[in-house]
> 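Here it is, the structure, as C-alpha cells.
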Amino acid sequence: APAPPKWEPLAKRFRPHKNKSPTPGVSGAGVREWNPRMSSSASVTEDDDAGLATVGAGVQHQGVAAVFHFLHTVGVKHFDLVHDVLIHDAVHIGEGDAVPRCEGGQLAEMALVVVRRNDQIIGAGRAELAAGGDLQAGVAPLAHHRQVNADGGVNGKQLEIITMDEQGDATQAVTCFTKMVDQGITALVGDVTTTPTLAVAAESADYNMPMVTASATAEAVTYDAETDTVNANVFRATFTDPFQGIKMADYAYQRLGYTKAAVIFQKGADYNEGLAENFVNEFESLGGTIVDQETYSEGDVDYKTQLTTILGKGPEVVFCPNYYQEIGQILAQAESVGLTVPFLGGDGWDGLEGYATADQLKDAYFCANYAKGSNPDFENAYKAEYGEEYPNGFAPLGYDAAMTVVYGIKAAEEQGLEAGSDEYKQAVIDAIAGGTIEGITGTFTFDEHHNPVKQTAILCFDGATPVLKEMF
C-alpha cells in the first residue's frame, strides 16, 4: 500500500481565488483495501470498518470547507506532529454527517480531517482544499458514494473518496490528478469545467484511468475530431458544446421562428466559443442570418460597446453562451442601452435565478440537462441532506457522473478483478461504454464518442424563475 501523504499547511500549496465559472474540482473514487489512517495522540482502531470515507468539497463565498463522514466535533483539536483543526458552526446535514463552516480566509488553512464514531476518533486524513468552488459540484458525487457505502458498498467493500480543488487551473488540475493516482484511485469523477478537464483527459490516457466528467462540454474532451480518435477512457454525463449550439439554433429557427440573430461570447474560452461557433453554423445552414458576432475578454465587466453594436444591427434574438454570473450583467447592460430583444443561452445559464429581473428575461430560453421538478425524489433528498433547495444543474449532473463511475466499478468487482489493475480499469471502461445509466437527469447510454444519449430540457422563465418549457 502507498505511504500516507505528508502533512503541510494548505496555504503553501493553494491560493484563494475568485471563481468566475462553475465549480472547478476533481474527485477520485474507487475500491481499495488500504485506508489512509494516520496515528496521532489519539488511538486509531485499524479494524474499524468505517474508514475515511470523505475528504472534502469546495464552496463559493463563505461556505463549506469539507464534508466529513461520521464527524461530530466542533472547535479546536490538536494532534502531535500535525495541525490544529478549527471547525466553526458544524451544521447537521444528515445522519452522522456535518458540514463545518468557516470564513474563506481560514478555508485554505484547514489541513486535518478527523473521523469520529460514538465520540471515539477512528481515523484521520487531510482535506486538499482552497477557497472557492460550488457546493453542489463537489458534494453531489460524495453524496452518491456515501449512499453506496450506506447500502453495503461494492462487493462488500466501502468506496473511499479523495477530493481536490484545482482552482479552475489546467496545470493544477493535472497536479491534483497525478497526486490521486499516487494515492491509488481506480476511477475519476471530474473535472468540472472544460479547460482543466481537457488537460486531465490528456494526462489520464497514459494510465487508462476511467474518467467521467459531470459537466465539461467541449467535444475534444472525449473525441479528437482532427484525428478521428475517441478518448477511450473518458466519458461525460452532460451533453457537448456542439450539441447545445446546434439545439439552440434549431429551437430559435424552427420552434421560435427567428431568422436574424446576433451572438456575444467570451473569446478564448472553449465552452463559450464552442457553443457560439456551432450555433452560427447551424443557424445559417437552416437559412437564418447572423447579423453580428461580438466578443469580450475574461475579466471584462463592461459590455455596453458590444451590446450597442448589436443593437445597431437589428437582430430578432441574441445568443449568449456564457455562464450565469456574467449573463446577469450582460442582460442588465443590454436593457440600459435599449437592446430589448430576447436572449438565448446554453446550460451555463443554469443558476441564473437571482441574477436577472423578469423584464430582462422576458421570452428568454436556454437548454439544460435538468429542469427543476423533473425528479422530486432527488430534489427532496438534496434538501433533506443539505438544508436548502438544490442550486442548479451541476448537482444532478455530479450525482449522475458518480453513478456512472460506480456502475463501472460494480462490473469490475463482479468479475473478481484486482482493484486498480489494468484489467480492472479496462473492465470499468467497458461496462460504462456498454451500459445504461438510470440517472437523475434521465436514463442514458453512451454513443460512439462517449457522449450521453438523452433528451434536452428547454427552459423559459416564469417571471425570473426558470421553468421547463418542453423536452426537445
Side-chain angles (χ1 to χ4, degrees), residues 19-23 59-61 63 134-137 139-140 214-215 217 237-239 244 247-248 251-252 255-256 258 264 271 275 303 307 316-336 339-400 439-442 454-472:
N19 216 9
K20 292 179 64 63
S21 61
T23 309
V59 70
Q60 61 182 346
H61 307 310
D134 282 338
L135 171 63
Q136 63 271 17
V139 168
S215 49
T217 53
T238 185
F239 37 54
Q244 293 186 71
K247 276 286 186 178
M248 290 312 296
Y251 198 77
R255 187 74 95 235
L256 300 177
Y258 296 126
I264 180 171
Y271 170 83
L275 267 72
Y303 314 100
L307 293 167
E316 298 168 332
V317 68
V318 177
F319 184 56
C320 187
N322 306 312
Y323 289 118
Y324 60 86
Q325 297 97 325
E326 294 166 348
I327 297 299
Q329 297 175 345
I330 290 172
L331 291 176
Q333 292 179 32
E335 185 179 47
S336 73
L339 181 61
T340 57
V341 300
F343 275 66
L344 308 178
D347 67 341
W349 281 39
D350 197 1
L352 183 58
E353 188 172 5
Y355 286 82
T357 68
D359 287 342
Q360 293 162 2
L361 293 168
K362 189 176 186 305
D363 296 324
Y365 294 86
F366 69 97
C367 63
N369 286 272
Y370 183 82
K372 187 174 184 178
S374 300
N375 192 316
D377 289 343
F378 170 76
E379 293 173 25
N380 292 337
Y382 189 99
K383 185 173 183 178
E385 184 79 357
Y386 303 116
E388 60 182 25
E389 301 287 345
Y390 94 97
N392 57 46
F394 287 93
L397 282 173
Y399 204 91
D400 280 0
I440 302 302
T441 62
K454 58 182 176 181
Q455 286 189 305
T456 307
I458 301 294
L459 290 89
C460 58
F461 291 87
D462 180 4
T465 302
V467 294
L468 178 65
K469 174 66 175 180
E470 61 181 311
M471 301 302 294
F472 181 72

> Looking only at heavy atoms, which two atoms of Leu397 and Ala237 are closest? And how far apart?
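Result for this residue pair: CD2-O, 3.7 Å.
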> Any idea which heavy atoms bring Pro376 and Gly373 closest together, and the distance?
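Heavy atoms of Pro376 and Gly373 come nearest at CD-O, 3.7 Å.
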> Please round to the nearest 0.5 Å and tell me the distance separating atom CZ of Phe472 and atom CD of Gln455.
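So the gap between those two atoms works out to 11.0 Å.
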> If I take atom CG from residue Asp462 and atom CG from residue Leu468, how far apart are they, to the nearest 0.5 angstrom?
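Output value for this atom pair is 12.5 Å.
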> CG/Leu331 to CZ/Phe343 distance, rounded to the nearest 0.5 angstrom?
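Separation between the atoms: 5.5 Å.
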> Please give me the minimum heavy-atom distance between Gly463 and Leu361, naming the atom from each residue.
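Closest pair (atom of Gly463, atom of Leu361, distance): O-CB, 4.3 Å.
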> What is the distance from atom CG of Asp350 to atom CD1 of Ile327, rounded to the nearest 0.5 Å?
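Asp350 CG to Ile327 CD1: 12.0 Å, rounded to 0.5 Å.
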> Is the shortest side-chain heavy-atom distance between Tyr370 and Asp400 below 4.5 Å?
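A side-chain contact is absent here, since even the closest heavy-atom pair is not under 4.5 Å.
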> Would you find a donor on one side and an acceptor on the other, under 3.5 Å apart, between the side chain of Lys454 and the backbone of Phe239?
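Not at all, since once roles are kept as given, no pair shorter than 3.5 Å links the two residues.
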> Within the 4.5 Å heavy-atom criterion, are Tyr365 and Pro342 side-chain neighbours or not?
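Contact flag for Tyr365/Pro342 side chains = no.
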> What I'd like to find out is whether the side chain of Tyr324 reaches to under 4.5 Å of the side chain of Glu353, using heavy atoms alone.
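No; the side chains remain at least 4.5 Å from each other.
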> Would you mind telling me which of Thr238, Thr217, Thr441 makes a side-chain hydrogen bond (donor to acceptor under 3.5 Å, both in side chains) with Asn369?
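Passing option: Thr238.
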> Rounded to the nearest 0.5 Å, how far apart are CD of Gln333 and CG of Leu339?
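So the CD of Gln333 and the CG of Leu339 are separated by 11.5 Å.
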> State, with a plain yes or no, whether a side-chain heavy atom of Asn322 is found less than 4.5 Å away from one of Ile330.
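When only atoms from C-beta onward are counted, Ile330 and Asn322 do touch, with a gap below 4.5 Å.
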> Please give me the minimum heavy-atom distance between Ala356 and Ala464, naming the atom from each residue.
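In terms of heavy atoms, the two residues are closest at O-CB, 3.7 Å.
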> Looking only at non-hydrogen atoms, find the nearest pair between Tyr303 and Gln329 and report the distance.
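The answer is OH-OE1, 3.4 Å.
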> For Phe366 and Tyr251, I'd like to know if the aromatic rings sit close, meaning centre-to-centre distance below 6.0 Å.
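Between Tyr251 and Phe366, which both carry aromatic rings, the centre distance is not below 6.0 Å.
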> Mind checking the CH2-SG spacing from Trp349 to Cys320? Nearest 0.5 Å is all I need.
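If we round to the nearest 0.5 Å, Trp349:CH2 and Cys320:SG are 6.0 Å apart.
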> So, do Ile458 and Met248 sit near enough that their side-chain heavy atoms are less than 4.5 Å apart?
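A side-chain contact exists here, since the closest heavy-atom pair is under 4.5 Å.
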> Looking only at heavy atoms, what is the nearest atom pair of Cys367 and Thr456, with distance?
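Here Cys367 and Thr456 meet closest at CB-CG2, 3.6 Å.
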> Please report the C-alpha distance between Asp347 and Tyr271 in whole Å, then the side-chain angles of each, then the deciding distance to 0.1 Å, and finally whether the side chain to side chain donor-acceptor pair (under 3.5 Å) criterion is met.
CA-CA 10 Å; Asp347 67 341; Tyr271 170 83; 2.7 Å; yes
